[in-house]
Amino acid sequence: MCGIVAYFGQKTAQPILIEGLKRLEYRGYDSAGICLVEADDSFNIFKTSGRISALEEQLPRPANTASIGIGHTRWATHGKPNTINAHPHVDYTGKICLVHNGIIENYTTLKKWLQKEGCTFQSETDTEVLANLIGYFYANQKTKDGKQAPPNCHRFEWAIQQALNEVHGTYGLAILCSDCPDMMIGVKKGSPLILGVGENEYIIASDAAAIVEHTTQAIYLSDGEMVTVGDNGFYTKTISNQQVQKELKEIEISLDQIELEGFEHYMQKEIAEQPKAIETCLGGRIDLKNGRVILGGLQNYFRELTRAKRFIVTACGTAWHAGIVGEFLLEQLARIPVEVEYASEFRYRNPILEEGTAVIAISQSGETADTLAAIELAKERGSLALGIVNVVGSTIARTTDAGVYLRVGPEIGVASTKAFTAQVAVLAMLAIELGRRRHLSCDVAQQLLNDLVLIPDKVASIMGQSEYIKQIAAANIDKPNWLFLGRGFNYPVALEGALKLKEISYIHAEGLPAAEMKHGPIALITDQMPAVFIATRCSQYEKILGNIQEVRARGGKTIVVATEGDEHIPAFADHLIYVPDVCEPLQPMVTVVPLQLLAYHAAVLKGYDVDKPRNLAKSVTVE
Ligand code: AGP
């Protein structure tokens with residue numbers, strides 16, 4: 001996810017762009033840049049890796065007087081977060097300059113074609129491919145199959161439309177052309193884009209945060225629409241060149257809220273974002289027809305991975321819980337032995353890493369010190385080191401031999417939510433693809449992948465229970481200790497539920513395999529210790545019912561997560577939360593959501609800082 005902002009008007013563009021980018025920095029902050037249109041119509045570009053503050057240090061003081069410009073703050077998806085990959089990007093002719101929020105899925109194919117046509121590239125990004133594609137059609141005024149551009153079309157608009165016809169993917173764009181300095185074009189598909197309409201000035205941005213201090217009048221573009229801004233106003237059309245009327249809307253919410261897009265907290269937003277996040281994580285990676293998974297970052301290592309004798313998964317916290325789900329997935333679907341290690345333990349216990357062992361680090365931030373040290377140890381011992389990471393270009397991502405990015409956008413809340421479900425999604429895809437390269441049949445893989453692509457909708461369907469789950473939290477937040485219990489694939493979910501509650505509501509909680517209760521913890525059961533059970537439809541359903549009865553027989557109160565339609569379970573639950581039916585290996589992405597909401601509401605009801613809980617940091621970069 002990135003932030004784009006563009007200004008067209010009479011004022012000095014530089015400060016407007018910078019302030020706008022700062023309002024969008026939560027969307028991504030690994031590199032930033034602006035392009036100003038000088039009086040001689042040339043592009044003056046400033047860009048750098050790092051935060052917007054690093055970009056500000058490069059800018060002229062007093063500000064450049066240009067009154068047209070575009071800006072971008074990046075959350076890298078393709079290409080390291082360095083200066084050369086930072087936006088804006090200029091095409092090979094130097095006439096087209098653009099900023100982009102989104103993913104061009106077929107950029108490698110387009111890049112190869114453009115290179116054959118003589119285009120040159122400076123960066124590793126998909127965005128530069130798009131800039132060159134527009135530049136190619138602008139320079140040649142011919143379609144890909146050689147047809148001349150229609151004589152009466154606007155050359156710049158036509159080139160953009162031609163290019164976007166070739167593109168698969170998502171984009172929010174602001175585009176300039178040095179031959180048409182009195183124009184700026186915005187286009188939207190799959191990524192948000194808004195046009196703020198002021199007094200003889202216009203601002204195009206990813207969200208209203210960058211607009212609302214200049215005007216509260218806005219046009220919200222829909223997918224497949226473009227807006228052309230000029231000295232005589234603006235007009236909108238589709239990318240297939242059909243005129244379209246858009247109504248001006250009032251931007252209502254206040255600035256300080258907007259960065260949360262109306263949510264109370266980033267954690268609440270990130271819980272709610274999970275359907276879209278999982279969809280983006282899966283995007284372009286599932287080949288349903290052949291029952292295969294495309295993980296480009298591992299392409300050169302699948303031969304070695306398929307022959308691995310053992311995987312060691314190493315991580316911390318929530319990522320470690322995802323790793324346990326990964327262990328069950330890889331062992332069940334790929335039949336490769338897996339061990340899951342706390343990175344902080346692994347790095348110091350002189351582990352045995354025999355030939356054929358691959359080490360997989362899981363880390364949202366890609367900066368966790370213990371996980372980084374574990375990976376460095378693995379590499380020193382000659383093991384293949386892989387990363388499942390969210391932040392592109394992070395230290396762990398750069399240290400591992402290869403990896404898979406989550407692609408879920410910045411996770412700002414300290415309590416990890418969308419990263420967990422995406423980590424499980426990536427592990428499921430990896431297990432299925434490795435399984436298919438070993439013994440897993442196409443039919444079984446297709447069934448799993450068909451279930452996997454339905455997960456976003458199933459997660460979305462749980463969000464409607466938030467207020468109901470809040471009542472359950474309210475009824476139990478006075479209890480000082482909770483137990484979380486699950487079996488099989490839901491055992492690590494029980495661990496994750498306990499961690500969520502602990503880290504933001506400061507209520508002590510413990511996660512356990514449900515059967516372990518009889519080996520000690522059942523001594524703790526009273527009506528003052530809520531026991532949260534995950535009792536969804538699964539191979540151990542009857543067993544977990546037995547565990548619930550053991551708790552209830554001793555006066556314990558039960559909060560149960562069960563499968564929709566289970567009419568047997570109400571008799572076992574003091575509080576009951578239904579979730580959609582999902583095949584067992586994929587259940588963690590669904591059963592974790594009620595537990596995230598339970599923890600979130602408990603913390604809010606207790607009046608704590610949900611996004612920045614005491615003593616914690618989003619990334620533990622020290623031992
Ligand atoms: C989870 O909610 C916590 N914020 C914490 O346990 C976190 O998962 C852990 O520090 C690992 O972080 P990483 O995924 O960025 O490596």
Side-chain angles (χ1 to χ4, degrees), residues 103 105-106 108-109 168-170 274-308 311 322 325-338 360 386 388 403-408 420-462 488-490 492-493 536-541 563-565 579-593:
I103 294 178
E105 276 147 21
N106 60 331
T108 42
T109 314
H168 306 310
T170 57
Q274 288 179 115
K276 188 71 189 151
I278 296 168
E279 197 177 329
T280 310
C281 178
L282 300 176
R285 291 169 161 171
I286 306 279
D287 173 1
L288 282 175
K289 181 166 169 289
N290 299 303
R292 300 300 291 267
V293 171
I294 303 111
L295 295 173
L298 299 182
Q299 220 47 53
N300 301 333
Y301 294 89
F302 266 117
R303 187 176 162 73
E304 191 172 343
L305 288 171
T306 306
R307 288 163 177 72
F311 286 137
V325 179
E327 173 186 357
F328 299 164
L329 286 162
L330 287 161
E331 291 198 347
Q332 190 166 117
L333 301 177
R335 306 307 295 159
I336 298 176
V338 179
I360 303 174
L386 304 180
I388 297 176
V404 183
Y405 283 124
L406 300 183
R407 291 193 204 155
V408 295
F420 174 79
T421 43
Q423 285 158 358
V424 172
V426 167
L427 289 160
M429 287 191 281
L430 176 61
I432 291 166
E433 179 55 19
L434 284 175
R436 289 284 285 118
R437 291 165 180 259
R438 290 164 62 91
H439 325 292
L440 194 68
S441 73
C442 183
D443 290 352
V444 171
Q446 283 173 326
Q447 182 54 53
L448 284 163
L449 292 173
N450 277 312
D451 288 351
L452 186 55
V453 297
L454 293 176
I455 292 289
D457 286 346
K458 298 200 169 182
V459 168
S461 72
I462 301 170
F489 281 92
N490 286 313
V493 179
T536 44
R537 179 183 65 79
C538 68
S539 52
Q540 302 184 56
Y541 176 75
T563 301
E564 280 166 2
V579 294
D581 192 13
V582 172
C583 67
E584 206 165 334
L586 304 181
Q587 277 188 13
M589 286 177 274
V590 168
T591 52
V592 76
V593 176

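Worth saying up front: this structure is predicted, and the values here are computed from it rather than measured.
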Evaluate side-chain contact (heavy atoms from CB on, under 4.5 Å) for F302 paired with L434, printing each intermediate quantity in order. CA-CA 8 Å; F302 266 117; L434 284 175; 3.8 Å; yes
Salt bridge (charged side-chain N to carboxylate O under 4.0 Å, His left out) with R537: which residues, sequence neighbours excluded? D581
Non-hydrogen atoms of [X] and [Y] that approach each other most closely:
X: C583; Y: L448; value: SG-CD2, 4.1 Å
X: A445; Y: G291; value: CB-O, 3.5 Å
X: T421; Y: Q274; value: OG1-OE1, 2.9 Å
X: M589; Y: V459; value: O-CG2, 3.5 Å
X: A428; Y: L586; value: CB-CD2, 3.9 Å
X: N290; Y: C442; value: O-SG, 3.6 Å

Applying side chain to side chain contact (heavy atoms under 4.5 Å, CB included), name anything that partners I294, two or more places apart in sequence or on another chain. D287
With sequence neighbours excluded, residues passing side chain to side chain donor-acceptor pair (under 3.5 Å) with D451: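 Result, side chain to side chain donor-acceptor pair (under 3.5 Å) vs D451: Q447.
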Side chains of [X] and [Y]: closer than 4.5 Å at any heavy-atom pair?
X: P580; Y: I462; value: yes
X: C281; Y: M429; value: yes
X: V579; Y: E564; value: no
X: L282; Y: R285; value: no
X: I432; Y: L449; value: yes
X: V325; Y: L427; value: no
X: L295; Y: L430; value: yes
X: I336; Y: E331; value: no

Keeping T170 on the side-chain end and I103 on the backbone end, is there a donor-acceptor pair under 3.5 Å?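 Checked: pair present.
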Check whether Q587 reaches the backbone of V582 with its side chain - one donor and one acceptor, N or O, closer than 3.5 Å.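 Flag set: sc Q587 to bb V582 pair under 3.5 Å.
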Partners of F311 by ring-ring contact (aromatic ring centres under 6.0 Å, His included), sequence neighbours excluded?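 F311 satisfies ring-ring contact (aromatic ring centres under 6.0 Å, His included) with no other residue.
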F328 meets the ring-ring contact (aromatic ring centres under 6.0 Å, His included) criterion, sequence neighbours left out, with F489
Distance from [X] atom [atom1] to [Y] atom [atom2], nearest 0.5 Å?
X: Q446; Y: L452; atom1: CD; atom2: CG; value: 13.5 Å
X: I286; Y: N450; atom1: CD1; atom2: CG; value: 9.5 Å
X: N490; Y: T536; atom1: CG; atom2: OG1; value: 4.0 Å

With side-chain hydrogen bond (donor to acceptor under 3.5 Å, both in side chains) as the rule and sequence neighbours excluded, what pairs involving residues 432-441 come up?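 As it turns out, the side-chain hydrogen bond (donor to acceptor under 3.5 Å, both in side chains) pairs with a partner in residues 432-441, which skip direct neighbours, are R292-E433, E433-R437.
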When you look at T280 and V408, which way does the side-chain contact (heavy atoms from CB on, under 4.5 Å) test go after all the steps? CA-CA 7 Å; T280 310; V408 295; 5.9 Å; no
